[in-house]
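Each chain gets a letter, A, B and so on, in the order the sequences are listed, and its residues count up from 1.
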Amino acid sequence: MMATMNKLLSKNFFERPTLTVCEDLIGKYLVSKNGLALMITEVEAYDGFDDKASHASSGKTSRNEIMFESGGYIYMYLIYGMYWMLNIVTGQKDYPAAILIRGAKEVSGPGRLTKHLNLDKSFNKKILSKETRLWIEDRGFYPAKKLIRKTPRIGVAYAGPIWANKPYRFVMQS
DNA sequence: GGAGTGATGACA
DNA sequence: GTCATCACTCCA
């Protein structure tokens, strides 16, 4: 009988195209050093210079500069003065892209997720790794692609109809 | 349906 | 320096 392998995803997993990484992230485990491991079930892509819903749509700023790095970095930002959003940078250097982790099997909602894992600004610009105390593992679970629903992103009406309606949200059916 | 909350970015 | 905005959550 084969033992279950928990494989820590390496940086090159995140250096691929954002939408591909989104689909592959569903069913992976977000693990923190305090022992919590949550199965990722909902993510959103923010991809490229032209994406009007992305923080990077108007160029590089001190807040979003980490989005321009190569994949595997953590981008944390505060929203509505209360909630930290956890994003994983994707793609190649100088191409701004990231994935918002919106929910897990055990915890739904991006703000609740970070509160549950005690994630805040201190994780910003760090790389996913055991040293950082936050990483993502492949635990051998691969959901059927037809169980991954693609929908428009949440809360991005400000981006205008074209970008608000892009099917950039990936949700695993429960 | 509506309020809370404060860092950030745009503009002057 | 000002000020509007916001990749959300909770309570009614």
Side-chain angles (χ1 to χ4, degrees), chain A residues 13-30 32 36 38-92 94-128 132 134 136 148-174:
Chain A
F13 178 93
F14 301 98
E15 289 171 343
R16 300 176 300 150
T18 312
L19 297 174
T20 305
V21 180
C22 273
E23 189 155 61
D24 289 350
L25 265 185
I26 300 295
K28 299 294 187 289
Y29 283 78
L30 180 64
S32 76
L36 291 170
L38 307 178
M39 189 172 77
I40 296 166
T41 55
E42 181 182 356
V43 300
E44 274 176 6
Y46 290 85
D47 189 32
F49 298 91
D50 299 331
D51 183 353
K52 293 293 184 252
S54 170
H55 289 168
S57 66
S58 51
K60 194 184 282 189
T61 66
S62 58
R63 178 174 68 163
N64 71 20
E65 64 180 354
I66 195 63
M67 291 183 73
F68 291 73
E69 262 304 331
S70 55
Y73 285 89
I74 299 164
Y75 171 37
M76 300 290 302
Y77 67 89
L78 188 68
I79 189 74
Y80 298 110
M82 281 180 276
Y83 306 105
W84 290 101
M85 300 288 100
L86 168 64
N87 299 258
I88 312 304
V89 175
T90 53
Q92 300 297 305
D94 297 325
Y95 180 82
I99 295 173
L100 171 65
I101 311 295
R102 288 196 62 88
K105 192 172 182 180
E106 300 81 354
V107 192
S108 68
R112 294 159 133 192
L113 184 79
T114 54
K115 187 165 187 180
H116 194 77
L117 292 173
N118 264 304
L119 303 177
D120 59 19
K121 186 173 192 154
S122 67
F123 288 83
N124 193 35
K125 303 185 183 184
K126 301 278 179 60
I127 213 153
L128 286 171
T132 309
L134 186 69
I136 297 178
I148 300 174
R149 180 167 296 180
K150 294 167 193 173
T151 81
R153 294 170 289 186
I154 305 294
V156 296
Y158 61 85
I162 302 289
W163 291 96
N165 288 319
K166 294 271 185 191
Y168 281 7
R169 173 171 173 254
F170 297 70
V171 196
M172 186 173 75
Q173 302 306 105
S174 54

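Contact annotation for A:Met85: backbone-only contact, meaning every heavy-atom pair under 4.0 Å involves sugar-phosphate atoms and none involves a base. Using a 4.0 Å heavy-atom criterion, one finds that A:Arg63 contacts the sugar-phosphate atoms exclusively. Residue-level contact check: A:Lys60 touches neither bases nor backbone, having no heavy atom under 4.0 Å from any strand.
Between C:dT5 and A:Tyr158, no contact under 4.0 Å exists linking OP1 or OP2 to a side-chain N or O. Contact check, A:Arg169 against C:dA7: no side-chain N or O comes under 4.0 Å of OP1 or OP2. Listed pair A:Lys121 / B:dT8 meets the phosphate criterion, a side-chain N or O lying under 4.0 Å from OP1 or OP2.
Computed from coordinates, the A:Met82 CE to B:dT8 C1' distance equals 16 Å when rounded to whole Å. To the nearest angstrom, P of C:dA7 lies 9 Å from OH of A:Tyr75. For the pair A:His55 NE2 and B:dA7 P, the computed distance is 16 Å after rounding to whole Å.
In the interface, the side chain of A:Tyr77 is not paired with the base of B:dA7 through any donor and acceptor atom under 3.5 Å apart.
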Go through the steps to decide whether A:Lys125 and A:Glu69 satisfy the test salt bridge (Lys or Arg N to Asp or Glu O under 4.0 Å), and finish with yes or no. CA-CA 9 Å; A:Lys125 303 185 183 184; A:Glu69 262 304 331; over 6 Å; no

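Residue-to-nucleotide proximity on DNA chain B shows that, of A:Leu78 and A:Ser58, the 5′-proximal contact is made by A:Leu78.
Just one residue in the list A:Ile26, A:Ile88, A:Thr18 forms a side chain to side chain contact (heavy atoms under 4.5 Å, CB included) with A:Val43, and that residue is A:Ile26.
Taking the side chain of A:Thr61 as heavy atoms from C-beta on, and the options C:dC6, B:dG9, C:dT9, the nearest nucleotide is B:dG9.
Environment of NZ in A:Lys52: crowded, with over 12 heavy atoms of neighbouring residues, nucleotides or ligands closer than 6.0 Å.
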5'-to-3' dot-bracket of DNA chain B (Watson-Crick, G-U; under 3.5 angstrom; crossing pairs as [ ]; | other strand): ||||.||||||.

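A:Tyr95 and A:Asp47 share a side-chain donor-acceptor pair at under 3.5 Å.
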